[in-house]
Amino acid sequence: MKFKEERPFPTPDAAERKLLELANAVEADHAGRLSVAVINTQFRNAGGSYEEYGSAVKAAIAHGWLTMHPSGAYLSFTQAGAELFA
């Protein structure tokens, strides 16, 4: 009998990796920004929770891979984040 639900992102690092993978696949707008709504929707469709998404975004920003627009509606890759996929 299982008492704990298995999560697709069992660790914060796994959630962060998935977030970066999804962000890399999203087409940026003319200013190089990525829509938070699009990435969040894709993350949720991959089985992630809102809490996992939020912690993954905070971790990616803390690692210096993403920046968030002051409005909170867009993310952008930093040079270090872009180099992860080069």
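In what follows, residues are counted from 1 in the order of the sequence shown.
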Participant: Quick one: closest heavy-atom pair of P8 and G47, and the distance?
Facilitator: CG-O, 3.3 Å

Participant: Keeping to residues at least two apart or across chains, list the salt bridge (Lys or Arg N to Asp or Glu O under 4.0 Å) pairs with something in residues 47-64.
Facilitator: R7-E52

Participant: Show me the donor-acceptor pairs within less than 3.5 Å that the side chains of residues 59-72 make with the rest of the protein, sequence neighbours left out.
Facilitator:
| residue | atom | partner | partner atom | Å |
| --- | --- | --- | --- | --- |
| H63 | ND1 | E16 | OE2 | 2.7 |
| H63 | ND1 | A59 | O | 2.9 |
| H69 | ND1 | S71 | N | 3.0 |
| H69 | ND1 | S71 | OG | 2.9 |
| S71 | OG | A73 | N | 3.2 |

Participant: Could you state the interatomic distance from OH (Y50) to OG (S55), rounded to the nearest 0.5 Å?
Facilitator: 14.5 Å

Participant: Does Y53 have any ring-ring contact (aromatic ring centres under 6.0 Å, His included) partners at least two apart in sequence or in another chain, and if so, which?
Facilitator: F43

Participant: Would you list the atom pairs, donor with acceptor, under 3.5 Å between side chains in residues 18-25 and any protein atom, with sequence neighbours excluded?
Facilitator:
| residue | atom | partner | partner atom | Å |
| --- | --- | --- | --- | --- |
| K18 | NZ | E21 | OE2 | 3.1 |

Participant: Pairs in or reaching into residues 27-43: which pass side chain to side chain donor-acceptor pair (under 3.5 Å), with residues at least two apart or in two chains?
Facilitator: D29-R33

Participant: Under 4.5 Å between side-chain heavy atoms, chaining through other members, with only Ile, Leu, Val, Met, Phe, Trp and Tyr counted: pull out the rest of the cluster around Y74, sorted by chain and number.
Facilitator: none

